[in-house]
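To keep things clear, I will list the structure first and then write my remarks on it.
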Amino acid sequence: QKEVEQNSGPLSVPEGAIASLNCTYSDRGSQSFFWYRQYSGKSPELIMSIYSNGDKEDGRFTAQLNKASQYVSLLIRDSQPSDSATYLCAVNGENTGFQKLVFGTGTRLLVSP
Amino acid sequence: DTEVTQTPKHLVMGMTNKKSLKCEQHMGHRAMYWYKQKAKKPPELMFVYSYEKLSINESVPSRFSPECPNSSLLNLHLHALQPEDSALYLCASSQEPVGLAGVNEQFFGPGTRLTVL
């Protein structure tokens, strides 16, 4: 079992729809969870961090964390073509001494006009 | 200033060359990281510096040699690389190295695209 799992996609949504990206993790000691957006050929950009169970909203983005079920999700409301990118889930936990981010393989999102 | 800078943006080198990648941040962050990223793969951690001391080496070959001259600078010295080392090299920094909420967010620089011939 991979430490952090994501569906590679592509996830295709029409412009204006809600895009839902999911991530599961195996380390129950994980405490910090991050979503990065990466455009092709560019570096990852941090868009959300979440540390407590529940929802965290920032503009069109909502991160959801459920530690009991070991999943974290990212919702993108009113999706725009400019949101088309690969979204990386990253987890920081006890197994790695809290110093190391473990990345999922990323989900490619395509938003069509 | 919330920026991590990296130079050069692109680097082409032969297998016998010696070159260095540079990374700089002025956010007062005390942890800095080197990652390697191949196409369509997630970033792969290479090294972690915590308070200017090497704290994690992910069993990286000795042809990669990190250096942290001060709290703002991180170098990666390259020597006798192989074509399979061609990748995007990313530097990142975080306020603190440990997993405390709010201080361990990692911010990436734009990367150096390395090609080894």
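Letters A, B, ... mirror the listed sequences (proteins, then strands); counts begin at 1.
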- request: Heavy atoms only: give me the nearest A/Pro44-B/Phe108 pair and the separation to one decimal.
  value: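 The pair with the smallest heavy-atom distance is O-CB, 3.5 Å.
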task: Over all heavy atoms of both residues, which pair between A/Tyr36 and B/Gln106 is shortest? Give the atoms and the distance, please.
output: OH-O, 2.6 Å
Linked, directly or transitively: [X] and [Y] (ILVMFWY side chains, under 4.5 Å):
X	Y	answer
A/Leu109	A/Leu75	no
B/Leu90	B/Val116	no
B/Phe64	B/Met15	yes
B/Leu11	B/Leu74	yes
A/Tyr87	A/Tyr71	no

- request: Would you give the length of the straight line joining atom CG of A/Leu46 to atom OG of B/Ser94, rounded to the nearest 0.5 angstrom?
  value: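 OG of B/Ser94 is found 11.0 Å from CG of A/Leu46.
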query: Counting a contact as any heavy-atom pair under 4.5 Å apart, which residues of residues 60-68 of chain A contact chain B?
result: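 Answer by number: none.
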task: Using a heavy-atom cutoff of under 4.5 Å, enumerate the residues of residues 12-21 of chain A that contact chain B, numbered in order, or state 'none'.
output: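 Under the 4.5 Å heavy-atom cut-off, nothing qualifies.
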message: Would you say that more than 12 heavy atoms from the other residues, nucleotides or ligands in this model lie under 6.0 Å from the NZ of B/Lys19, or not?
response: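 Counting other residues, nucleotides and ligands, NZ of B/Lys19 stays at 12 neighbours or fewer.
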message: Does B/Arg30, at its CZ atom, have more than 12 non-hydrogen atoms belonging to other residues, nucleotides or ligands within less than 6.0 Å?
response: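 Yes, the 6.0 Å shell around CZ holds more than 12 heavy atoms from other groups.
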message: According to side chain to side chain contact (heavy atoms under 4.5 Å, CB included), who are the partners of B/Ser72, at least two apart in sequence or on a separate chain?
response: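 Checked B/Ser72 against side chain to side chain contact (heavy atoms under 4.5 Å, CB included); matches are B/His26, B/Asn70.
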field: Positions in residues 31-54 of chain B that reach chain A, provided some heavy atom is under 4.5 Å away
entry: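 Expected list: B/Tyr33, B/Tyr35, B/Gln37, B/Pro42, B/Pro43, B/Leu45, B/Val48, B/Ser50.
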- request: Would you mind checking which part of A/Gln38 comes under 4.5 Å of any heavy atom in chain B, side chain (CB onward), backbone (N, CA, C, O), both or neither?
  value: side chain
query: Side chain, backbone, both or neither: which part of B/Glu58 has a heavy atom under 4.5 Å from chain A?
result: side chain
